[in-house]
Amino acid sequence: MRTRFYNPSKLEVTFARAVKDLTDQLETKLDEGERVIDTKSIHDADNPMVIFKLEDKEGDLHEVVIQIIQRPDSIVK
């Protein structure tokens, strides 16, 4: 089936939700003393995002943003 709507596409939104659902598993891959403080999803943007607020070993806060971009069918080979 050809994708007709990319802004955002259903696949992008579903994939972004799946990434957010993996938060607990992703946290186990961080170094000791680092942790995920909060996760925020933005599903209605042109390219959905999952924003992770992280705390490092020193207690400093950081953000990592994963943006989901689906390429148009005509580009994928």
Side-chain angles (χ1 to χ4, degrees):
M1 184 176 122
R2 293 277 179 206
T3 303
R4 295 180 186 189
F5 303 102
Y6 288 94
N7 299 328
S9 74
K10 183 179 183 310
L11 183 58
E12 286 175 330
V13 172
T14 302
F15 199 85
R17 286 189 176 124
V19 169
K20 184 178 187 305
D21 289 346
L22 292 172
T23 298
D24 291 340
Q25 291 173 296
L26 292 170
E27 187 171 35
T28 67
K29 303 296 184 184
L30 298 175
D31 288 340
E32 186 176 331
E34 298 173 339
R35 62 190 187 117
V36 177
I37 300 295
D38 190 33
T39 308
K40 179 181 179 183
S41 293
I42 302 172
H43 294 136
D44 58 352
D46 180 10
N47 300 114
M49 290 182 272
V50 182
I51 303 167
F52 294 89
K53 184 178 278 188
L54 307 171
E55 182 179 72
D56 66 17
K57 296 173 188 176
E58 291 80 33
D60 297 329
L61 296 179
H62 305 275
E63 283 189 348
V64 172
V65 179
I66 298 176
Q67 188 169 30
I68 311 299
I69 301 170
Q70 180 182 357
R71 291 185 172 162
D73 295 342
S74 61
I75 294 176
V76 178
K77 295 181 182 182

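Since the model is a prediction, treat every value here as computed from it, not as a measurement. Computed from heavy atoms alone, side chains included, the values below leave out hydrogens, waters and symmetry copies.
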Min side-chain heavy-atom separation Ile66-Phe15 under 4.5 Å: no
Just how far is it from atom CD1 of Ile42 to atom CG of Asn47, taken to the nearest 0.5 Å? 11.5 Å
In this structure, would Val64 and Ile37 fall into the same cluster of hydrophobic residues linked by side-chain contacts under 4.5 Å? no
Are side-chain heavy atoms of Glu34 and Lys57 found at a separation under 4.5 Å? yes
Could you give the distance from CD (Glu55) to CG (Asp38), rounded to the nearest 0.5 Å? 12.5 Å
List for me each residue that meets side-chain hydrogen bond (donor to acceptor under 3.5 Å, both in side chains) alongside His62, sequence neighbours excluded, and say none if there are none. Asp56
Within the structure provided, determine whether Arg35 and Leu30 are in side-chain contact (heavy-atom separation under 4.5 Å). no
Going through the checks in order, is the side-chain contact (heavy atoms from CB on, under 4.5 Å) test met by Leu54 and Val36? CA-CA 5 Å; Leu54 307 171; Val36 177; 3.6 Å; yes
Give the cluster check for Val13 versus Val50: same hydrophobic cluster or not, with ILVMFWY residues linked at side-chain heavy-atom distances below 4.5 Å. no
Looking only at heavy atoms, what is the nearest atom pair of Glu12 and Asp46, with distance? OE1-O, 3.4 Å
Heavy-atom nearest pair, His43 first then Pro8, reads O-CG, 3.4 Å
For Glu63, enumerate each residue passing the side-chain hydrogen bond (donor to acceptor under 3.5 Å, both in side chains) test, keeping only those at least two apart in sequence or located in another chain. none
Is Ile68 reachable from Leu22 through a run of hydrophobic residues whose side-chain heavy atoms are each under 4.5 Å from the next? yes
Sequence neighbours left out, what passes side-chain hydrogen bond (donor to acceptor under 3.5 Å, both in side chains) with Arg17? Give chain and number order. none
When every non-hydrogen atom of Lys53 is compared with those of Leu61, the smallest separation belongs to CD-CD1, 4.5 Å
